[in-house]
Participant: 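Here it is, the structure, as structure tokens.
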Amino acid sequence: MNFLHPLYFWVMLGIIPLVGVYLLKVRPRRKPTSAFFLWQRLFDQKRSTSLFQKLRDILSLLLMILVFISIVLALTVPVYNNEQMKSLLIIIDNSASMSAKSQSGTRLDEARSLAKDIIRSMNQNQQAAVATMSLDISYMSHFTASPRTLIDAVSQIESSDCPFNENVLRSLFSRKRSNTENDPNSETNELPAISDDYRILLISDGCGMDSNVPDFVELFKVGDKKDNVGLIACDLQRIGGALQSNSQPIDQLELYFQIASSAEQTINADLLVQYGPNRITRKLIPLEIRPGINKAEQYVITNTLPVGDVTTQEQADLWTIQIDYEDALEKDNIAYLTVPPKQAIRVAVDSNDSY
């Protein structure tokens, strides 16, 4: 058993004056009387109840001492299960996979809701901190016992386009404080190394965790398995020189892409190759997406360039590759590419003739 406020044990010294006051007796004053026989019966009754009176006084005193000790123990806040009083580091996975659709919004919505439930169930004297993790860890709130501060920090968490980096989870807690005398609430301080004083709660869908979760991490999984397709590799580059067609320059580019699918059946979809800020469709590629990682494909894209303004051409040389298919996660269905504009080659003529 541990006590959160052991200094209140000094209040126990109040039992001494309490017992002294209780045992203090008033001596009766002597008075002469002319008729003793009138008091004889009263004295006989008092003698018969004196033993019971003493026992009653002792029991009353013990009861008062017991109540006093109970009040002092309540002030010290005893903790019988120390595991429930450990400080919590609540890490919410906000990687790209957490944007996948679920029964109630997205997986990130489920993670935020679960984190808020954990915060509301905390002991009033328990502290917690909130952090997010994708490629790296980012602290939204340092250790505090304020549920409102923690819930506000959870509400501010937004999804990231980056994948989950499991190595950060393993290496994070091996770091030690550079200066233990600094303010523990300072944002420049790192979290102390793992010890028995902390519990690490990770709320995640489990994507990106190839190996077992470290022993010091308690994993709360959210979301269920859903079919999803996505681009895992994509590139676009210019090939050959520009052609001319009806006084308009034509650019030829080579598109490379690779798609993966978590579905158990083959999916038929289209790949939209779109050009410019207005996303004008330049090519429509029919896809037959098989389960697992599909074979990489290459296509030649012919693009008619705008005439005249080179600046407009440079700004418009943006491409979007999108799988036209509705699945659990939309972020991995689209890729943004750019093709560097052609750079003019500066030349000089070595001649004595100024013309």
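Keep in mind it's a predicted model, so treat the numbers as computed, not measured.
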Participant: Share the residues that join Val347 in a hydrophobic cluster, the rule being Ile, Leu, Val, Met, Phe, Trp or Tyr side chains under 4.5 Å apart at the heavy-atom level.
Facilitator: Ile345
Participant: If hydrophobic residues (ILVMFWY) are linked whenever their side-chain heavy atoms come closer than 4.5 Å, directly or via other members, who joins Ile334 in its cluster?
Facilitator: Tyr336
Participant: Could you list the cluster mates of Ile232? Members are the ILVMFWY residues connected by side-chain heavy atoms closer than 4.5 Å, either directly or through other members.
Facilitator: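 Its cluster mates, by chain and number, are Ile293.
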Participant: By side chain to side chain donor-acceptor pair (under 3.5 Å), which residues pair with Arg346, not counting sequence neighbours?
Facilitator: none
Participant: Under 3.5 Å, which donor-acceptor pairs link side chains of residues 201-208 to any protein atom two or more places apart or in another chain?
Facilitator:
from, atom 1, to, atom 2, distance (Å)
Ser204, OG, Asp93, OD2, 2.8
Ser204, OG, Gly206, N, 3.0
Asp205, OD1, Cys207, N, 3.1
Asp205, OD2, Ser97, OG, 2.9
Asp205, OD2, Arg107, NH1, 2.9

Participant: Is there a path of hydrophobic side-chain contacts, each under 4.5 Å between heavy atoms, that joins Tyr299 and Val339?
Facilitator: yes
Participant: For a quick check under 3.5 Å, do Asn165 and Asp136 share a side-chain donor-acceptor pair by atom type?
Facilitator: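 No donor-acceptor contact under 3.5 Å links the two side chains.
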Participant: Could you work out the complete set of other residues in the hydrophobic cluster of Leu284, with links drawn between I, L, V, M, F, W and Y side chains under 4.5 Å apart?
Facilitator: Leu272
Participant: Start with the C-alpha gap between Arg290 and Glu288, add the side-chain angles, then the distance that decides, and say whether salt bridge (charged side-chain N to carboxylate O under 4.0 Å, His left out) holds.
Facilitator: CA-CA 6 Å; Arg290 296 180 174 85; Glu288 187 176 344; 3.8 Å; yes
Participant: Decide if atom CG of Asn352 counts as having more than 12 heavy atoms of other residues, nucleotides or ligands within a radius under 6.0 Å.
Facilitator: no
Participant: Side-chain contact, heavy-atom cut-off 4.5 Å: Ile137 with Ile91?
Facilitator: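 Side chain of Ile137 against side chain of Ile91, heavy atoms only: contact under 4.5 Å found.
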Participant: Would you say the side chain of Leu88 lies within less than 4.5 Å of the side chain of Ile118, judging by non-hydrogen atoms?
Facilitator: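 Yes. Closest side-chain heavy atoms under 4.5 Å.
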Participant: Inspect the surroundings of NZ in Lys225 and state if more than 12 heavy atoms from other residues, nucleotides or ligands are less than 6.0 Å away.
Facilitator: yes
Participant: Check the hydrophobic clustering (I, L, V, M, F, W, Y; side-chain heavy atoms under 4.5 Å; chains of links allowed) and say if Met133 and Leu135 are grouped together.
Facilitator: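 No, Met133 and Leu135 fall in different hydrophobic clusters.
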Participant: Set out, in order, the CA-CA distance, both residues' side-chain angles and the distance that settles side chain to side chain donor-acceptor pair (under 3.5 Å) for Thr302 and Lys283, then state yes or no.
Facilitator: CA-CA 9 Å; Thr302 301; Lys283 193 174 184 65; over 6 Å; no
Participant: Does a side-chain N-to-carboxylate-O contact under 4.0 Å join Arg112 and Glu158?
Facilitator: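 Between Glu158 and Arg112 there is no salt bridge, as every charged N stays at least 4.0 Å from the carboxylate O atoms.
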Participant: Evaluate the ring planes of Trp319 and Tyr275, with Trp represented by its six-membered ring, and classify them as parallel (under 30°), tilted (30 to 60°) or perpendicular (over 60°).
Facilitator: tilted
Participant: Before giving the answer on side chain to side chain donor-acceptor pair (under 3.5 Å), spell out for Asp332 and Asn228 the whole-Å C-alpha distance, their side-chain angles and the decisive distance to 0.1 Å.
Facilitator: CA-CA 9 Å; Asp332 59 353; Asn228 183 64; 2.7 Å; yes
Participant: Under 3.5 Å, is there a donor-acceptor pair between the Ser102 and Lys226 side chains?
Facilitator: no
Participant: Can Ile69 be reached from Leu75 by stepping across I, L, V, M, F, W or Y side chains whose heavy atoms are under 4.5 Å apart?
Facilitator: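 Both belong to a single hydrophobic cluster.
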Participant: Where do Ile323 and Ala269 come nearest, in terms of heavy atoms and distance?
Facilitator: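 Here Ile323 and Ala269 meet closest at CG2-CB, 4.3 Å.
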Participant: Can a salt bridge be assigned to the pair Lys101 and Glu330 using a cut-off of 4.0 Å between side-chain N and carboxylate O?
Facilitator: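 Glu330 and Lys101: salt-bridged.
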Participant: Check the pair Thr144 / Leu150 against side chain to side chain contact (heavy atoms under 4.5 Å, CB included), numbers first and verdict last.
Facilitator: CA-CA 8 Å; Thr144 177; Leu150 297 171; 3.6 Å; yes
Participant: Please determine, by modelled atom types, if Thr149 and Asp152 share a side-chain donor-acceptor pair under 3.5 angstrom.
Facilitator: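 No, no side-chain donor-acceptor contact under 3.5 Å.
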Participant: Within a reach of under 6.0 Å around CD of Gln265, are more than 12 heavy atoms found that belong to other residues, nucleotides or ligands?
Facilitator: yes
Participant: Testing Thr106, Thr132, Val222 one by one against Met98 for a side chain to side chain contact (heavy atoms under 4.5 Å, CB included), which residue passes?
Facilitator: Val222
